[in-house]
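Have a look at the structure below, then the notes.
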Amino acid sequence: MAAHDFEKFLSESFSEGVYFRELRLSQKEIDAVRTMYPAALIKQTSEVNDVQSKAWYEINLLPVEGQTENVEAIRHENTRLKRELEVLKQLKN
């Protein structure tokens, strides 16, 4: 992915008030994230094990020191919203 395309992807990923995402990225892409968002907390959540040399990372643009329960609350809210979206998609069809 070209640098400009990746920057656009990141901007879209963290638009509309979203500050926490889990993304599958390469080491080069992680370096770009660190350059664009130097205060971000980046945590690798899987091993690199594919041809593209990518792994899953949790990226938090607004980390709060010592408050991991906030991350858990965000995860639970994300899961709830995903379920709600699936229900709405099923109702639409």
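Positions are given from 1 along the sequence.
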Closer than 4.0 angstrom, basic N to acidic O: yes or no for K54 and E29?
yes
Could you walk me through whether F6 and V33 pass the side chain to side chain contact (heavy atoms under 4.5 Å, CB included) test, one step at a time?
CA-CA 9 Å; F6 184 70; V33 171; 4.0 Å; yes
Verify, without hydrogens or angle tests, whether T45 (side chain) and E58 (backbone) share a donor-acceptor contact under 3.5 angstrom.
no
Atom [atom1] of [X] and atom [atom2] of [Y]: how far apart are they, to the nearest 0.5 Å?
X   : Y   : atom1 : atom2 : answer
Y37 : N60 : OH    : CG    : 12.5 Å
K92 : L85 : NZ    : CG    : 11.5 Å
L10 : T35 : CG    : OG1   : 10.5 Å
K28 : S53 : NZ    : OG    : 12.5 Å
I74 : Y19 : CD1   : OH    : 11.0 Å

Stepwise, does the side chain to side chain contact (heavy atoms under 4.5 Å, CB included) test hold for R34 with I30?
CA-CA 6 Å; R34 287 190 173 115; I30 286 296; 3.1 Å; yes
Heavy atoms only: give me the nearest A40-L61 pair and the separation to one decimal.
CB-CD2, 3.9 Å
Can you give me the closest heavy-atom contact between V48 and A55, atom names plus distance?
CG2-CB, 3.6 Å
List the steps, then state whether side chain to side chain contact (heavy atoms under 4.5 Å, CB included) holds for L23 with Y57.
CA-CA 5 Å; L23 301 172; Y57 294 87; 5.7 Å; no
Membership question, hydrophobic clusters at under 4.5 Å side-chain separation (ILVMFWY): are I59 and W56 in the same one?
no
Would a hydrophobic clustering, with Ile, Leu, Val, Met, Phe, Trp and Tyr connected at side-chain separations under 4.5 Å, put V18 with L41?
no
Under the salt bridge (charged side-chain N to carboxylate O under 4.0 Å, His left out) test, which residues partner R21, sequence neighbours left out?
none
By the side-chain hydrogen bond (donor to acceptor under 3.5 Å, both in side chains) test, which pairs, at least two apart or in different chains, include something from residues 78-89?
E77-R80, R80-E84
